[in-house]
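Naming convention: chains lettered A, B, ... in sequence-line order (proteins, then strands); numbering from 1 in each chain. Predicted, not measured: the structure shown is a model, and the values here were computed from it.
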Number of protein chains: 2
Amino acid sequence: MFSIGELSKRTGVKIPTIRYYEQMGLIDAPERSEGNQRRYSKEGPQRLSFIRHSRELGFTIEDIKGLLELSQHPDKPCQDADKIAVQRLSDVRARIAKLRRLERELKRITACQADNVASCAVIESLADHGLCDAEH
Amino acid sequence: MFSIGELSKRTGVKIPTIRYYEQMGLIDAPERSEGNQRRYSKEGPQRLSFIRHSRELGFTIEDIKGLLELSQHPDKPCQDADKIAVQRLSDVRARIAKLRRLERELKRITACQADNVASCAVIESLADHGLCDAEH
DNA sequence: TCTTGAACCTCTAGCTGCTAGAGGGATTAT
DNA sequence: ATAATCCCTCTAGCAGCTAGAGGTTCAAGA
């Protein structure tokens, strides 16, 4: 049995965020002390770490709800979980591709040698999308 | 002189977004018709395209304010503009690096061959951060 | 000229995923 | 017993829009 502050320290999830997750239904409302303070058992950190890790990987709250639901039913086929992860993977790849294009353009832009804004590549490039290498 | 709908079509920026930019001070409040509707002149699309392009490159509204300010003063040195762009470039690179790590982990996770959730790598990996290749 | 329907207006509230603060009560160590 | 530190709920705020309500204006056809 430990407090929310303790749970926060163990998992690296901030206190208001823990309460937020509780409100969003990601974690069950824990028991309370006499004085109405949250008291977590040892399952607390596990579930919260799962959530934290998933969030770091970019899963949405809704995704995580689905994954948690699944993990409560160990006999279900894991295709659903896989589907969510595959979707995430393709999101991530798309974002990487897009950022690479941006990187290329920003690199070009920042190679600016002009002395003043009138002929500055940064401003010019932003004004004229037609100069871009790629679409975005 | 054209309407906000026309401006929206020409620039690809949605109507409420244009009004939002006006409110945020990115674009000047345009003239109005007799009946209080916005009427833009040919400078409208230029500035808005600049903004749109900048947003696509991930510049914040505040960044763009700075860049627009600069572009109004063509005799200023362009170091400031360059600084903003360089900062963006390093942001983008950091984001790419982070996403690459996520991609690697998701790829590993989605190679799940199990039949049911009990031994599914997706769930397991998310539960146990210790299995990660990298930090995040 | 009148009428219709599309486009426009302002204002408010909602989205995601938290985070910060106010104003108060509980717990813990000394 | 008291002080320091924690915790409680509730509300509001962040970015960058987006959606809706409820009402007005515009432009084109009859």
Over how many whole Å does the gap from [X] atom [atom1] to [N] atom [atom2] extend?
X	N	atom1	atom2	result
A/Arg32	D/dC7	CZ	P	12 Å
B/Ile18	D/dA19	CD1	P	15 Å
B/Phe59	D/dA15	CZ	P	18 Å
A/Ile15	C/dT19	CD1	P	12 Å
B/Glu22	D/dC17	CD	P	15 Å
B/Leu26	D/dG16	CG	P	10 Å
A/Phe2	D/dC6	CZ	C1'	16 Å
A/Lys9	D/dC7	NZ	P	8 Å

B/Glu6 atom CD: more than 12 heavy-atom contacts under 6.0 Å: yes
Looking at the side chain of [X], which of [options] is the nearest nucleotide?
X	options	answer
A/Ile4	C/dC9, D/dG16, D/dC7	D/dC7
A/Asn36	D/dA27, D/dC8, C/dC9	D/dC8
A/Thr60	C/dT19, D/dC17, C/dG17	C/dG17
B/Ser3	C/dC9, C/dC18, C/dC8	C/dC8
B/Arg39	D/dA27, C/dC18, D/dC7	D/dA27
A/Tyr20	C/dT19, D/dC17, D/dT9	C/dT19

Tell me whether the NZ or CZ atom of B/Arg10 lies within the 45° cone about the ring axis of B/Phe2 and under 6.0 Å from its centre. yes
Closer than 4.0 angstrom, basic N to acidic O: yes or no for A/Glu56 and A/Arg52? yes
Pairing of B/Glu62 and B/Lys65 as salt bridge, 4.0 angstrom limit: yes
Compare side-chain N and O positions of [X] against OP1 and OP2 of [N] and report whether any pair is under 4.0 Å apart.
X	N	result
A/Lys14	C/dC18	no
A/Tyr21	C/dG17	no
B/Arg55	D/dC17	yes
B/Ser33	D/dC26	yes
B/Thr17	D/dT18	yes

Go through the side-chain N and O atoms of B/Ser41 and B/Glu43 and say whether any donor and acceptor fall under 3.5 Å apart. yes
Any chain of hydrophobic side-chain contacts (each under 4.5 Å) joining B/Ile15 to B/Met24? yes
Nearest-nucleotide 5' precedence on DNA chain D, A/Gln23 against A/Gly35: A/Gly35
First encountered from the 5' end of DNA chain D, between B/Gln37 and A/Arg38: A/Arg38
